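Here is the structure we will look at.
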Amino acid sequence: MESQKIRIWIVLLMTAFLMPAAWAQAPVTKEVKKQAKTFKKEGWTVNDGEKTLEEQIADLQQYMSDTLYIVESATQKAKAYHLALKSATEKAKGALVRHLSTLITQETTLVQTDQQTGSDGVESQQAFNNRIKSISRETLSDAIPVLVISRQLPDGTCEVQVHLAIAIPEKAE
């Protein structure tokens with residue numbers, strides 16, 4: 001009787017830990033399967049032990065449709081996989097930096113416009129300062145690799161494509 005209670009508790013605990021991961025999985029739609037098939041025809045693969053190509057594409061679509069994230073990508077060729085991966089990741093991070101810079105510029109323009117029109121200039125400046133602090137706290141080390149695929153090219157080089165996502169800090173009100 002006691003061992004049965006222990007088994008029930010183990011099952012309940014495992015369910016509690018595994019269910020959130022299952023809920024977080026993006027759905028694999030027909031569109032995702034079609035895109036994965038196209039990638040596979042072009043020779044793209046994922047590393048063993050990683051999510052399947054379909055799951056990664058579904059995640060990518062979910063991040064791209066979410067307005068709380070910025071998604072940037074880069075493709076790089078090199079003689080070795082790890083060199084191409086590192087270079088593509090750095091290029092994608094550079095694109096994220098440029099995107100965040102654009103957000104800062106847009107906020108600057110908004111604050112300058114508010115100050116020129118005289119509508120709550122002090123509050124707008126405070127919101128701008130809060131936004132800058134929020135963006136500066138965001139680090140590229142928090143970038144999430146959403147889709148990482150590679151393929152061997154006929155000339156013997158490896159081509160890697162990386163899509164990174166980063167959360168956009170909440171707008172200061």
Side-chain angles (χ1 to χ4, degrees), residues 7-107 131 134-171:
R7 285 188 207 140
I8 291 172
W9 275 108
I10 290 172
V11 169
L12 289 174
L13 288 172
M14 288 177 63
T15 304
F17 285 108
L18 296 177
M19 283 303 249
W23 289 329
Q25 179 63 41
V28 176
T29 62
K30 285 183 181 181
E31 180 184 331
V32 167
K33 288 179 182 179
K34 186 177 177 181
Q35 192 172 5
K37 189 176 181 180
T38 302
F39 276 130
K40 287 176 183 176
K41 281 183 182 178
E42 294 173 355
W44 293 102
T45 61
V46 295
N47 287 338
D48 293 339
E50 298 291 329
K51 288 183 177 182
T52 66
L53 183 57
E54 290 83 2
E55 291 171 334
Q56 288 189 35
I57 293 171
D59 288 348
L60 177 63
Q61 287 183 347
Q62 187 173 7
Y63 277 104
M64 290 179 74
S65 65
D66 191 336
T67 58
L68 299 177
Y69 288 90
I70 299 171
V71 178
E72 293 292 343
S73 64
T75 304
Q76 188 63 39
K77 297 176 190 176
K79 290 186 178 189
Y81 170 80
H82 69 280
L83 294 174
L85 175 63
K86 184 174 182 173
S87 182
T89 301
E90 292 305 313
K91 280 185 172 183
K93 284 181 179 181
L96 287 171
V97 167
R98 288 187 295 280
H99 201 126
L100 287 172
S101 177
T102 301
L103 287 176
I104 292 170
T105 302
Q106 289 171 348
E107 291 291 332
R131 178 74 172 149
S134 182
I135 289 173
S136 64
R137 280 191 300 263
E138 195 68 34
T139 62
L140 291 177
S141 62
D142 293 336
I144 304 161
V146 181
L147 174 65
V148 179
I149 54 178
S150 63
R151 66 180 172 182
Q152 283 299 125
L153 299 175
D155 64 359
T157 60
C158 181
E159 185 175 26
V160 176
Q161 190 177 119
V162 175
H163 297 258
L164 299 177
I166 192 166
I168 300 173
E170 244 184 82
K171 281 194 173 184

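Values in this document were obtained by computation on a predicted structure and should not be read as measured data.
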Which heavy-atom pair separates [X] from [Y] by the least distance, and what is that distance?
| X | Y | value |
| --- | --- | --- |
| Y63 | A165 | CD2-CB, 3.8 Å |
| V46 | K51 | CG2-O, 3.6 Å |
| T75 | K91 | O-NZ, 4.1 Å |
| A88 | V162 | CB-CG2, 3.7 Å |
| V146 | D59 | CG1-C, 3.6 Å |
| A58 | P27 | CB-O, 3.3 Å |

Could you walk me through whether T89 and K93 satisfy the side chain to side chain contact (heavy atoms under 4.5 Å, CB included) test, starting with their C-alpha distance in whole Å, then the side-chain angles of each, then the deciding distance to 0.1 Å, before giving a yes or no?
CA-CA 6 Å; T89 301; K93 284 181 179 181; 4.0 Å; yes
[atom2] on [Y] to [atom1] on [X], rounded to 0.5 Å:
| X | Y | atom1 | atom2 | result |
| --- | --- | --- | --- | --- |
| Q76 | T157 | CD | OG1 | 10.0 Å |
| L85 | I149 | CG | CD1 | 12.0 Å |
| W44 | Q152 | CH2 | CD | 11.0 Å |
| K33 | T29 | NZ | OG1 | 8.5 Å |
| I166 | D142 | CD1 | CG | 6.0 Å |
| L60 | H163 | CG | NE2 | 5.5 Å |

**Message:** Could you check whether atom CD of E90 has more than 12 heavy atoms from other residues, nucleotides or ligands sitting under 6.0 Å from it?
**Reply:** yes
Taking side chain as C-beta onward, heavy atoms only, is K34 less than 4.5 Å from K30?
no
Working note: Q61 + Q35, criterion side chain to side chain contact (heavy atoms under 4.5 Å, CB included); need CA distance, chi angles, decisive distance, verdict. CA-CA 11 Å; Q61 287 183 347; Q35 192 172 5; 3.4 Å; yes
Between [X] and [Y], is there a donor-acceptor pair closer than 3.5 Å when you use the side chain of the first and the backbone of the second?
| X | Y | value |
| --- | --- | --- |
| Q161 | S73 | no |
| S87 | L83 | no |
| T45 | S150 | yes |

**OP:** Report the C-alpha distance between L147 and L53 in whole Å, list the side-chain angles of each, state the deciding distance to 0.1 Å, and finish with yes or no for side chain to side chain contact (heavy atoms under 4.5 Å, CB included).
**Re:** CA-CA 8 Å; L147 174 65; L53 183 57; 4.1 Å; yes
Worked check of side chain to side chain contact (heavy atoms under 4.5 Å, CB included) between L153 and K77: CA-CA 9 Å; L153 299 175; K77 297 176 190 176; 3.7 Å; yes
